[in-house]
Student: 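Can you keep this structure in mind? I'll have questions shortly.
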Amino acid sequence: MSSRGGFDFKTSASGNHRAVTDDGGIVTLMEYMGKGGENVGDELVVLFSHLEYACKRIAALVASPFNSTLGKTFGAVGGSDDRDKPKPLDIVANDIILSSLRKSGKVSVMASEEDDAPVWLADDGPFVVVLDPLDGSRNIDASIPTGTIFGIYNRLVELDHLPVEEKGMLNSLQSGSKLVASGYVLYSSATIMCTSFGSGTHAFTLDHSTGDFILTHPHIKISSRGQIYSVNDARYFDWPEGLRRYIDTVRQGKGQHPKKYSARYICSLVADFHRTLLYGGLAMNPRDHLRLVYEANPLSFLAEQAGGKGSDGKGRILSLQPVKLHQRLPLFLGSPDDIEELQSYGDVQQKVNPGYEV
Ligand SMILES: O=P(O)(O)OC[C@H]1O[C@](O)(COP(=O)(O)O)[C@@H](O)[C@@H]1O
């Protein structure tokens, strides 16, 4: 048994850790963040308690028998013709999170993949939240896993004097290296919140009987190499030469790691990344598709905190300065040695993007 952050960690025969209190009890997310654990500060705890509540509502919604109607895309929402139509689930998820963050009083601005511009919430909110409320929502009707991705920054107080629109935008365009915390919530057979406050990556599993997120995966360590690559393989003929050579090499077991790699692709970023964190290897989307602010930065932060890497195929994601809120880029996440080997092929970013239909 070892001790970290005020809690003891028991190691099972399989090598997994489980956090326990002195009296053998379990550790909830709120306890872990609080004074007996990481002590991240009361304001962040309040923010997380609201985010946690919102994500539990989304978890219930994606598992609801009524979401087969809710999940359908009805085109633009908001016009008078749309008044009685159900909203797509990613818009509903966005509304749920916005309302929770507003109630927390701890968020000055929220920038969401679903909104054209950041939404200013409270002048004195200490934090900025960027998020993708329901990634992978195209999978909902087949009950394939989806997820919420979020990043949290401090409000830049030196910008307080600027007009709301301007300071909202500049606060939301902070570099990933300034993240205070980030995370995702995976809605799958289990609902899992995986998060980092800058000292390791930890996953908490929702206990539906109590409504608490329980620490189940403290200090996740991604293996230096894996044996799995995750990519939309049907795009092979649109890939650049370097990426084709890399994938051809590792699937034949002729790479630096002399093992034949296997392919896995759920086409739901949170699920593909979660598997990669736990099993190692690479999760990638080589075309300009995923968003720097809402997806690449928060997930790269988690990858690095677990000992892995987040790259755009050339260099470190967290060192990039976002210039546009909805900026898209190629994304490669995973085991450090696998990412380095991939980058050594040079030409791995997909330049052509012909507009795929599925
Ligand atoms: O079509 P591709 O290139 O395989 O992209 C799939 C990726 O797109 C996503 O569905 C996100 O796309 P959206 O932001 O358009 O929903 C990810 O969950 C998934 O990893």
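Since this is a predicted model, take the numbers as computed values, not measurements. Remember, it's 1-based here, ligands and their atoms both numbered in the order they're listed.
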Student: Please state which protein non-hydrogen atom is closest to atom 6 (C) of ligand 1 and give its distance, to 0.1 Å?
Tutor: Y265 OH, 3.2 Å

Student: Measure the distance from atom 5 (O) of ligand 1 to every protein heavy atom, then report the residue, atom name and distance (to 0.1 Å) of the closest one.
Tutor: N285 ND2, 3.1 Å

Student: Is ligand 1 under 4.0 Å from a heavy atom in the side chain of S268, in the backbone, in both, or in neither?
Tutor: backbone

Student: Among I266, D135, N139, which residue places a heavy atom closest to atom 18 (O) of ligand 1?
Tutor: D135

Student: Looking at K351, I want to see if its NZ is surrounded by more than 12 non-hydrogen atoms of other residues, nucleotides or ligands under 6.0 Å.
Tutor: yes

Student: Relative to the ring of H202, is the ring of F204 parallel (under 30°), tilted (30 to 60°) or perpendicular (over 60°)?
Tutor: perpendicular

Student: R138 heavy atoms, cut-off 4.0 Å: which ligand 1 atoms fall inside?
Tutor: 1 (O), 5 (O), 6 (C), 8 (O), 9 (C), 10 (O), 12 (O)

Student: For a salt bridge (Lys or Arg N to Asp or Glu O under 4.0 Å) check, start with the C-alpha distance between D42 and K35, then their side-chain angles and the critical distance, and finish with the verdict.
Tutor: CA-CA 9 Å; D42 292 348; K35 293 205 170 60; 3.5 Å; yes

Student: So, is R291 polar-close to ligand 1, with some N/O to N/O distance under 3.5 Å?
Tutor: no

Student: Quick one: nearest non-hydrogen protein atom to atom 12 (O) of ligand 1, plus distance?
Tutor: H289 NE2, 3.0 Å

Student: Taking NZ, NE, NH1 and NH2 as the nitrogens, is one of them in E304 or K309 under 4.0 Å from a carboxylate oxygen of the other?
Tutor: no

Student: Within 45 degrees of the ring normal and closer than 6.0 Å to the centroid, is that where the cationic atom of R264 sits relative to Y229?
Tutor: no

Student: Should the pair R235 and Y356 be classed as cation-pi, given the thresholds of under 6.0 Å to the six-membered ring centre and 45° from the axis?
Tutor: yes

Student: State whether the shortest distance between N or O atoms of D272 and N or O atoms of ligand 1 falls below 3.5 angstrom.
Tutor: no

Student: Can you list the atoms of ligand 1 that are under 4.0 Å from a heavy atom of N232?
Tutor: 2 (P), 4 (O)

Student: How far is atom 20 (O) of ligand 1 from its nearest protein heavy atom, and which residue and atom name does that atom have?
Tutor: L269 N, 3.4 Å

Student: F48 vs F150 aromatic rings, parallel, tilted or perpendicular, using cut-offs 30° and 60°?
Tutor: perpendicular

Student: Under 3.5 Å, N or O to N or O, is D132 touching ligand 1 that way?
Tutor: no

Student: Please list, in number order, the atoms of ligand 1 under 4.0 Å from a heavy atom of G136.
Tutor: 18 (O)

Student: Of R244, R251, R245, which meets side chain to side chain donor-acceptor pair (under 3.5 Å) against D248?
Tutor: R251

Student: When you compare the side chains of R225 and Q256, does any donor N or O come within less than 3.5 Å of an acceptor on the partner?
Tutor: yes

Student: Tell me whether E113 reaches ligand 1 (any heavy atom closer than 4.0 angstrom to a ligand atom).
Tutor: yes

